[in-house]
> 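Shown below is the structure under consideration.
In this text the structure is predicted, and so the values were computed from the model without any measurement. Throughout, a chain's letter reflects where its sequence line sits, starting with A, and its residues are numbered from 1.
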Amino acid sequence: MSAKRNDRGVTPLSEDVSAWYNELVLKAELADRGPAKGSMVMRPYGYTIWELLQRQLDDRFKATGHVNAYFPLLIPEEYIMREADHVEGFAPELYTVTRVGKKELEEPLIIRPTSETVIGESYSRWISSYRDLPLLINQWANVFRYELRPRLFLRTTEFLWQEGHTAHVDEDDAMAEVLTIHDVYAEFAENVAAIPMLKGEKTPGERFAGAVRTFTIEGMMRDGKALQSGTSHYMGTNFATAFDIQYQDENNEQQYAHTTSWGMSTRMIGAVILAHGDDAGLVLPPRLAPIQMVIIPIGRGEDAEAPLAKAHELAADLVAAGVRAHVDDRDQSPGFKFNDWELKGVPLRAELGPRDLEEGHTLVAHRIGELDEKGRPLKEKLPLDEVVARVPGMLDAYHELLVKRALEFRLERTALVDDWERFVEQVAIGFAEVLHCGRTACEDDIKAETAATPRAILMESDDESGPCVRCGQDSAYGKRVAYGRAY
RNA sequence: CGGGAUGUAGCGCAGCUUGGUUAGCGCACCUGCUUUGGGAGCAGGGGGUCGCCGGUUCGAAUCCGGCCAUCCCGACCA
């Protein structure tokens, strides 16, 4: 290929987003390709991001009344066949186990692409009365879906996620659950991942296989494309019917439960990379950064001893204050370390040399923020005795700056559009909010001509109706629909 | 499954057109010395069945055929 770099840095984002992303994931040591097509090794730096994400998302599930459990990876093939739309949607992606040792299995087992079916089977046995509802269970698991065009984090054949599965007495209760989680996802994305999301409902053509309604959060990436980052589904009684999840109500009558499911996956790490990164590499939001502040001792020979000792002392104090601090004491030049940690997206960097020690401060540089005339981060003098007190606040401010930057970027590239020519221009750079007739055939025409798909019906926007931007027929939904190109 | 490209050391590449000693370069790695405030220098060193199989030839990384893999662009998707 033409624009490949040597070992220094990555292809600039502005030059080739795809090459930039691929090189960055590898060079920042987030992940590696696995031996089987589409598989991924998550390296410690990348997995730590996942652990931080997992913990903070899990806290939110617990706070909204959910508990964790674990269901099996292998599912009798017959289960997946029970819900017609569900099978149809997943059939092309299913891995099937047909043999153990040299023996053919009497009934093939599928490797879960999602767990509605096994969980549904359990729920049918666990639920018998309205007193058993709602049942609010989540699981953290791996799932497998064959992919034609894999990309690290964004589309791998095996990925990690959480899948919540709940059962309720009626539609109102189930819908309240779906919307609660939809809000949790959006709040989490903004407050933890620093990505302000577009919220809304999927159009029928984009719904989850087997769902009655699907809600999504969509982030805008640095190239203006959308990334679906967390979905919540109302299943109606589709799975309850297929798996006989019935309860007896107050009037002694049998009723089908209304179920929901919702998931967020390791794709969210892809969203973080693509929403915040720049030419120099990753830009990690502080709440997901494995290292929030890296301390780089500077000095040679005997002059190196005092800065190194002070760096460790500072790091220990920061860790005690709840900051993920790290001393880079590798035998490398300072310049190398600066570039290396910028590639890895560490929010704050503290330099500590003999001169700084004498003057009683450290030089702090932000990964994003103001630059000097050489295009490098401005370094701020921070008195050593104020570091521990001030760093947490600096990290919070940094988070807010990231959110603001991401939101401004999205808004700049989002427009209300009512004519076709403007639509074509707008979806080439970002999102177009339009009135649409709601016909899948019309969506398909739009996709064929512009590569844009309906990302979400903007349920929280004002009521509006009029002619479809594409075909002129009466609009559906009573709301605008955001269109964009998607990952 | 279509269209395009690429397979030579961990990574990035040259060599192939026009076959010919021991296959080369940069980075990374190892050893030593000197260095350390924006990707350090010098010296020495280790690492390759040239994607796989077959063919042509006295001789193949190089020519021919087949296969495989990967990447990019389209159809499926969290």
> Side-chain donor-acceptor pair under 3.5 Å between Asp58(A) and Asn68(A), yes or no?
yes
> Does a side chain donor of either Gln139(A) or Ser115(A) reach within less than 3.5 Å of an acceptor in the other side chain?
yes
> Could you label the plane-to-plane angle of the Trp140(A) and Phe61(A) rings as parallel, tilted or perpendicular, counting under 30° as parallel and over 60° as perpendicular?
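Answer is tilted, since the angle falls between 30° and 60°.
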> Among side-chain atoms of Glu177(A) and His66(A), is any donor-acceptor pair under 3.5 angstrom?
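Judged by distance alone, the side chains do pair up.
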> Could you check whether the rings of Phe159(A) and Trp161(A) sit parallel, tilted or perpendicular, using 30° and 60° as the cut-offs?
perpendicular
> Would you please classify the geometry between the Phe243(A) ring and the Phe239(A) ring as parallel, tilted or perpendicular, with 30° and 60° separating the classes?
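Answer is parallel, since the angle falls under 30°.
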> Return one dot-bracket line describing RNA chain B 5' to 3' (Watson-Crick or G-U wobble pairs, both distances under 3.5 Å; ( ) same strand, [ ] crossing, | another strand, . none).
((((((((.[[[[.)....(...]]]].((((((.....)))))).....[[[[[..)....]]]]])))))))....
> Between Glu158(A) and Thr156(A), do the side chains contain an N or O donor and an N or O acceptor separated by less than 3.5 Å?
no
> Whole Å only: how far is the CG atom of Asn339(A) from the C1' atom of rA40(B)?
13 Å
> Atom CD of Glu23(A) to atom P of rG12(B): distance rounded to whole Å?
9 Å
> Hey, are Lys37(A) and Glu147(A) close enough for a salt bridge, meaning a charged N less than 4.0 Å from a carboxylate O?
no
> Work out how far the P atom of rG26(B) is from that of rG65(B), and round it to whole angstrom.
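35 Å, rounded to whole Å.
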> Using ring centroids (six-membered ring only for Trp), state whether Phe423(A) and Tyr483(A) fall under 6.0 Å.
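Yes.
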> Can you check the distance between rC68(B) and rA78(B), where both ends of the measurement are the C1' atom (answer in whole Å)?
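Straight-line distance between the two C1' atoms is 31 Å.
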> When you compare rU70(B) with rU31(B), how far apart are their P atoms, in angstrom units rounded to a whole number?
36 Å
> Whether the Thr203(A) and Glu443(A) side chains hold a donor-acceptor pair (N or O, under 3.5 Å, no angle test) is what I'd like checked.
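Side chains of Thr203(A) and Glu443(A): pair found under 3.5 Å.
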> Rounded to whole Å, how long is the line connecting atom CD of Glu359(A) with atom C1' of rG37(B)?
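One finds 12 Å between C1' of rG37(B) and CD of Glu359(A), rounded.
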> Produce a footprint string for nucleotides 73-78 of chain B: one letter per nucleotide, 5' end first; B if the base is under 4.0 Å from any protein heavy atom, S if only the sugar-phosphate is, - if neither.
SSBBBB
> Output the single nucleotide from rG37(B), rG38(B), rG39(B) whose closest atom is nearest the side chain of Leu363(A).
rG37(B)
> Using a cut-off of strictly less than 4.0 Å between a heavy atom of the residue and any atom of RNA chain B, enumerate the qualifying residues of residues 341-353 of chain A by number.
Glu342(A), Arg349(A), Glu351(A), Gly353(A)
> Rounded to whole Å, please give me the gap between CG in Asp32(A) and P in rC11(B).
10 Å
> Write down the distance separating the P atoms in rC63(B) and rC16(B), rounded off to the nearest Å.
9 Å
> In whole angstrom, what separates Asp331(A)'s CG from rG41(B)'s C1'?
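Rounded to whole Å, this separation is 14 Å.
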> Would you say Glu88(A)'s side chain and Ala84(A)'s backbone share a donor-acceptor pair under 3.5 angstrom?
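No: the side chain of Glu88(A) does not pair with the backbone of Ala84(A).
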> When the P atoms of rC30(B) and rA60(B) are compared, how many Å lie between them, rounded to an integer?
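rA60(B) and rC30(B) have their P atoms separated by 38 Å.
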> Suppose you measure atom C1' in rG7(B) against the same atom in rC67(B); what distance do you get, rounded to whole Å?
14 Å
> Rounded to whole angstrom, note down the C1' distance from rC64(B) over to rU57(B).
12 Å
> Choosing from rC71(B), rU36(B), rG39(B), which nucleotide comes nearest the side chain of Lys37(A)?
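The answer is rC71(B).
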> Quick one: which of rG37(B), rC71(B), rU36(B) gets closest to the side chain of Arg300(A)?
rU36(B)
